[in-house]
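Worksheet: one structure, shown below.
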Amino acid sequence: MGRKSREKKERKHTTIAQHKRKGKTLSSPFSQLENMKKLSWKDDRLPSFLWIGLIINLNDRLTGINNIHKICKYFYDKPEELRPEELAIESISNMSDKQIDEFYDFLFNELFLTEEIKPLLLFESFPKKHLLEKFISIDSDNIKNEFYKLYSSVANMLDQQSQLATDCRWARIFYLMANGKLQMGQFAEEIFYYPQKSDMKMVRPAIRSCENAMSVMSEPSHWVQQFWDEALNISPCWDLNVVTEEEPKLAALIVQNIDEIEIAIREHFYTSRSTSAIDAKHEASFAFALYCIDILKELTYSPIQNGITGRLGLRTIAECYITLAYLAKKNDEDLWLSYRVYGSGQAKLAFLKIDELAAQPQFVSLETLEMLANEDQWQEYSDINLGHWENSNLRKMSEFADVKDIYNSYYDWTSGFAHGQWSSLRNSEFTVCGNPLHRLHRIPSKNKELTTVTSDAVDLCNKIINTLISLYPTEKIALLKTG
């Protein structure tokens, strides 16, 4: 069997042919299942079992797992009514204060797990934190070390298929199985002796599948949302695109303050954000502005500003402005998300088409397309919209947004295409934050080659900046000036 044949046989994604067409939408097989609930280990459950991840990650793995065995036995020896429902932080916090005190006494004075649990004190929202503070505390001179322990553990838990995440999910199952609340059938013995006597190729997928199934009927707890919100606020974003060499100096600019404006927009992105979860309106609004400023810089290079490529860039800025003006006037959260989902679907469509080619083009990376298609959710859940994301067209949108003059001036007479789809904006303007406490969310990328502008593009960009300010008010962003 040839390499290509093996690769196609080992695909872990559905093909275009496996999608079902409904009008202008290609529905994925998973989205066709009725009452299918999307589950996220990272977003919905990781914080609940972080304490287990800390215990395992900050020790030799087998030592950490052995401690989980001891914890399960501790609760097993208690009367059923005094046991937590499961090993989630929320369940333990639901115990009486007296029972929590006794458990913490066991945790710190018998298992000696003080250093492993300390990072949880970084969170003011930790359930019944005052009881935990009776036993342990953080030295103000050692806070950085507690963050390092937290970063390491969360980073190793983010991927729901990682070893540490699987260990935590095993602990959840093992506790319920040991207390007679869960039957694992043929996997019971392997769960009990995990990981020393288990066939990892069989038991790891069984653990993840079972733990997922257990979560179908539950909703994310208040602590989970508080954890991610607080994690965003108490730790900085990390730009992984490190500049290793001194950046070259810019060519002379005809826009006096373009760099200051870009910095101000990027800073306003951080001050106006409210969550590390998907925020379609916030991210798209800022991506439009940053994306068009980058095009503006490229347009000022000669002879580009006078050539076909310059017209394409100007057309793209015009389309971005019309699209943003339309979204801003409608100002419907579902519509902002529809724009984003459409862009992700286009990345998926391109990935699937190119993946099926025997001779693949060199200008695009399959890895990049697959990453963009899977970023917001697993692509197997994603449908592909073969029509327009708003079932409209740019001309009608410009009429609705009262910017038909922009359409008439800049769209019809330019040639080619340069669509401002979400995935292209995301790929051009954002990087993944390297801070694991931020859930791999998007942040504006700093490591970009900067360029300059033309007068028509400046006029359009100023209209975009004005629209952005109307959505997220600030007095710190000025308008572009030519001279």
Side-chain angles (χ1 to χ4, degrees), residues 40-47 50 53 57 119 122-123 125 143-144 146-162 164-165 220 224-244 247 262-291 293-294 336-337 340 343-344 347 365 367-378 422-449 468 472:
S40 173
W41 159 258
K42 169 174 65 71
D43 293 335
D44 302 332
R45 306 196 296 287
L46 183 154
L50 175 58
N57 187 63
L122 295 170
F123 294 86
S125 59
I143 290 180
K144 283 187 178 180
E146 302 310 323
F147 269 108
Y148 291 149
K149 292 190 287 186
L150 192 62
Y151 292 145
S152 171
S153 299
V154 173
N156 287 324
M157 291 176 69
L158 282 176
D159 182 354
Q160 61 100 12
Q161 293 188 351
S162 70
L164 184 57
V224 168
Q225 185 58 52
Q226 286 182 315
F227 172 87
W228 289 123
D229 288 345
E230 194 171 350
L232 178 66
N233 293 325
I234 65 175
S235 60
C237 290
W238 304 344
D239 190 338
L240 295 180
N241 292 331
V242 179
V243 180
T244 55
E247 294 186 22
E262 185 177 21
I263 291 171
I265 291 173
R266 199 158 51 224
E267 290 176 348
H268 190 42
F269 170 89
Y270 289 108
T271 58
S272 60
R273 67 183 175 181
S274 60
T275 178
S276 61
I278 292 172
D279 190 336
K281 175 181 176 181
H282 187 258
E283 293 183 3
S285 298
F286 282 86
F288 272 122
L290 292 167
Y291 187 70
I293 284 178
D294 268 356
W336 287 98
L337 186 59
R340 182 185 181 108
S344 297
S365 164
E367 290 77 13
T368 296
L369 288 175
E370 186 173 22
M371 179 272 292
L372 292 171
N374 284 280
E375 185 171 65
D376 286 351
Q377 66 175 4
W378 187 28
W422 162 249
S423 291
S424 62
L425 306 187
R426 156 63 181 84
N427 194 40
S428 298
E429 301 305 335
F430 288 91
T431 185
V432 173
C433 176
N435 186 341
L437 295 183
H438 295 183
R439 291 187 280 183
L440 305 178
H441 72 151
R442 286 69 43 196
I443 60 173
S445 176
K446 297 179 182 178
N447 186 19
K448 300 179 294 183
E449 181 181 1
L468 176 64
Y472 298 95

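What you are looking at is a predicted structure, and each value in this text was computed from that prediction instead of being measured.
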Is the distance from the ring center of F430 to that of Y291 below 6.0 Å?
no

Enter the distance from I443:CD1 to W238:CH2 here, rounded to the nearest 0.5 Å.
11.0 Å

Measuring only between side-chain heavy atoms, which start at C-beta, is L50 closer than 4.5 Å to M157?
yes

Can you sort out the partners of D43 under salt bridge (charged side-chain N to carboxylate O under 4.0 Å, His left out), two or more places apart, ordered by chain and number?
R439

Which residues pass the ring-ring contact (aromatic ring centres under 6.0 Å, His included) test with F147, sequence neighbours left out?
Y151

Nearest heavy-atom contact between N435 and P236 is ND2-O, 2.7 Å

Separation of H441 NE2 from S276 OG (nearest 0.5 Å)
6.5 Å

NZ/NE/NH1/NH2 to OD/OE distance under 4.0 Å, R273 and E283:
no

Specify the closest pair of heavy atoms between C237 and H438, including all atoms of both residues, with the distance to one decimal.
SG-ND1, 3.5 Å

Would you mind listing every salt bridge (charged side-chain N to carboxylate O under 4.0 Å, His left out) that reaches into residues 226-235, with sequence neighbours excluded?
none

Closest non-hydrogen atoms of V224 and P47, given as atom of the first, atom of the second and distance, are CG1-CG, 4.1 Å

Quick one: does any side-chain atom of S272 pair with a main-chain N or O of H268 as donor and acceptor, under 3.5 Å?
yes

Which residues pass the side chain to side chain contact (heavy atoms under 4.5 Å, CB included) test with E267, sequence neighbours left out?
I263

Partners meeting side chain to side chain contact (heavy atoms under 4.5 Å, CB included) with Q160 (sequence neighbours left out):
W41, R169, R208

Over 12 non-hydrogen atoms of neighbours within 6.0 angstrom of OH in Y270
yes

Tell me every residue that passes side chain to side chain contact (heavy atoms under 4.5 Å, CB included) with L158, counting only those two or more places apart in sequence or in another chain.
K42, L46, V154, W228, P436, L440

Taking the six-membered ring for Trp, are the ring centroids of F286 and Y472 within less than 6.0 Å of each other?
yes

Between G53 and S153, which heavy-atom pair has the shortest distance, and what is it?
O-OG, 4.2 Å

Among all residues two or more places apart in sequence or in another chain, which pass the side chain to side chain donor-acceptor pair (under 3.5 Å) test with Q161?
none

Which residues pass the salt bridge (charged side-chain N to carboxylate O under 4.0 Å, His left out) test with E370, not counting sequence neighbours?
none

Does any part of the side chain of I278, heavy atoms only, come nearer than 4.5 Å to the side chain of R442, both counted from C-beta?
yes

For S162, give me all partners under side chain to side chain donor-acceptor pair (under 3.5 Å), at least two apart in sequence or on another chain.
none

Quick one about S445 and D239 (side-chain donor to acceptor, distance below 3.5 Å, no hydrogens or angles considered), yes or no?
no

Treating N156 as the side-chain partner and L164 as the backbone partner, does any N or O pair qualify as donor plus acceptor under 3.5 Å?
no

Partners of S285 by side chain to side chain donor-acceptor pair (under 3.5 Å), sequence neighbours excluded?
none

Kindly write out the residues that satisfy side chain to side chain contact (heavy atoms under 4.5 Å, CB included) with D279, not counting sequence neighbours, or none if the list is empty.
S274, T275, K281, H282

dist L437:CG -> S235:OG (nearest 0.5 Å) comes out at 4.5 Å

